[in-house]
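Just so it is clear, the values below take in all heavy atoms, side chains as well, and ignore hydrogens, waters and symmetry mates.
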Amino acid sequence: MKKALLLLALPLLFVAACDSNNTNSGTTPKTDPTPSTDPEPSTPVATTTYMTTINEGEIYFDFNLTTAIEGLKIKSETKDYVAGKQAFEKNAKFTFEGTPTVKYNLYEAIESGGVYQSAKKEGISTEGLKDMVERHLNAYSKLSGNYRIYFCITDTAQGWSKTIPGVNDIITKF
């Protein structure tokens with residue numbers, strides 16, 4: 001009888017002996033129940049700036065017109081905007097002046113902190129151009145961030161700048 005009990009207890013003693021040595025005999029090793037308090041090192045996220053020659057908070061107006069718009073002016077309450085790069089007013093009301101005579105295209109690129117978007121409006125009627133320009137500029141002026149903005153009025157299909165860094169990249173992505 002003692003032999004029978006010893007034979008039954010032998011496998012239990014063998015398992016207990018293997019587990020206490022933490023050997024890899026098919027059993028799961030014991031783990032420390034205390035989690036590590038060392039934070040994982042964070043990897044900085046790289047952002048790409050496409051429009052490198054337009055600074056945040058600036059707009060570049062591009063009037064690429066084969067037929068000039070008589071009296072063309074884009075204004076806010078405090079300044080007149082001209083072709084080229086300039087500071088863009090926040091929370092301003094923009095107006096468009098001029099007498100368009102043909103259909104126009106509006107190409108826009110906007111970028112901040114690695115996020116970008118573009119808009120293409122082609123074949124805009126002479127009546128619709130004023131409304132669309134004012135609506136888009138007034139919406140941009142209400143944005144909370146400081147964006148890089150490229151804004152092109154043209155009477156040429158795909159008449160946006162191909163030489164200002166990043167503009168073509170952003171517009172052609174959409």
Going only through I, L, V, M, F, W and Y residues with side-chain contacts under 4.5 Å, is there a path from [X] to [Y]?
{"X": "Ile59", "Y": "Tyr50", "value": "no"}
{"X": "Phe61", "Y": "Leu143", "value": "yes"}
{"X": "Leu106", "Y": "Tyr60", "value": "no"}
{"X": "Ile164", "Y": "Tyr81", "value": "no"}
{"X": "Tyr150", "Y": "Leu137", "value": "no"}

[atom1]-[atom2] distance between [X] and [Y], expressed to the nearest 0.5 angstrom:
{"X": "Leu129", "Y": "Ile153", "atom1": "CG", "atom2": "CD1", "result": "5.5 Å"}
{"X": "Ile54", "Y": "Ile149", "atom1": "CD1", "atom2": "CD1", "result": "9.0 Å"}
{"X": "Met51", "Y": "Glu56", "atom1": "CE", "atom2": "CD", "result": "10.0 Å"}
{"X": "Lys90", "Y": "Asn146", "atom1": "NZ", "atom2": "CG", "result": "6.0 Å"}
{"X": "Asn105", "Y": "Thr154", "atom1": "CG", "atom2": "OG1", "result": "6.0 Å"}
{"X": "Thr52", "Y": "Glu111", "atom1": "OG1", "atom2": "CD", "result": "9.0 Å"}

For [X], I'd like to know if atom [atom1] has over 12 heavy atoms of other residues, nucleotides or ligands within 6.0 Å.
{"X": "Lys93", "atom1": "NZ", "result": "no"}
{"X": "Glu77", "atom1": "CD", "result": "yes"}
{"X": "Lys73", "atom1": "NZ", "result": "no"}

Side chains of [X] and [Y], heavy atoms from C-beta outward: is any pair under 4.5 Å?
{"X": "Thr66", "Y": "Thr156", "result": "yes"}
{"X": "Arg148", "Y": "Glu58", "result": "no"}
{"X": "Leu65", "Y": "Leu72", "result": "yes"}

Among Ile170, Ile110, Val167, exactly one meets side-chain contact (heavy atoms from CB on, under 4.5 Å) together with Ser118. Which residue is that?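 When side-chain contact (heavy atoms from CB on, under 4.5 Å) is applied between Ser118 and each of Ile170, Ile110, Val167, only Ile170 qualifies.
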Apply side chain to side chain contact (heavy atoms under 4.5 Å, CB included) to the pair Ile74 and Thr95, showing each step before the final yes or no. CA-CA 6 Å; Ile74 295 179; Thr95 57; over 6 Å; no
Exercise: do Ser141 and Asn91 side chains pair donor with acceptor under 3.5 Å: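 Distance-only check fails for Ser141 and Asn91.
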Identify which one of Glu122, Lys120, Lys121 satisfies the side chain to side chain donor-acceptor pair (under 3.5 Å) criterion when paired with Tyr107.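 Result: among Glu122, Lys120, Lys121, Glu122 is the only option passing the side chain to side chain donor-acceptor pair (under 3.5 Å) with Tyr107.
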Nearest heavy atoms of [X] and [Y], plus distance in Å:
{"X": "Lys85", "Y": "Asn55", "result": "NZ-ND2, 4.4 Å"}
{"X": "Glu134", "Y": "Lys130", "result": "OE2-NZ, 2.7 Å"}
{"X": "Cys152", "Y": "Asn64", "result": "SG-CB, 4.5 Å"}
{"X": "Phe63", "Y": "Val82", "result": "CE1-C, 4.0 Å"}

Can you name the ring pair (Phe, Tyr, Trp, His ring centres under 6.0 Å) partners of Phe96, sequence neighbours left out? none
Could Lys75 and Glu97 be called an ion pair, given the rule that one side-chain N must be under 4.0 Å from one carboxylate O?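 Here Lys75 pairs with Glu97 in a salt bridge, since their nearest N and O are under 4.0 Å apart.
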Do the side chain of Tyr104 and the main chain of Thr101 share a donor and acceptor less than 3.5 angstrom apart? yes
Residue among Phe88, Tyr140, Phe151 satisfying ring-ring contact (aromatic ring centres under 6.0 Å, His included) with Phe94: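 Exactly one option meets the ring-ring contact (aromatic ring centres under 6.0 Å, His included) with Phe94, and it is Phe88.
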Would Thr99 and Glu70 satisfy side-chain hydrogen bond (donor to acceptor under 3.5 Å, both in side chains), going step by step from the backbone distance to the final call? CA-CA 5 Å; Thr99 308; Glu70 185 179 328; 5.5 Å; no
Worked check of side chain to side chain contact (heavy atoms under 4.5 Å, CB included) between Gln86 and Lys79: CA-CA 11 Å; Gln86 56 238 285; Lys79 79 186 253 186; 4.2 Å; yes
Quick one: which residue pairs count as a side chain to side chain donor-acceptor pair (under 3.5 Å) with a foot in residues 165-174, not counting sequence neighbours?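 Sorted pair list: Trp160-Asn168.
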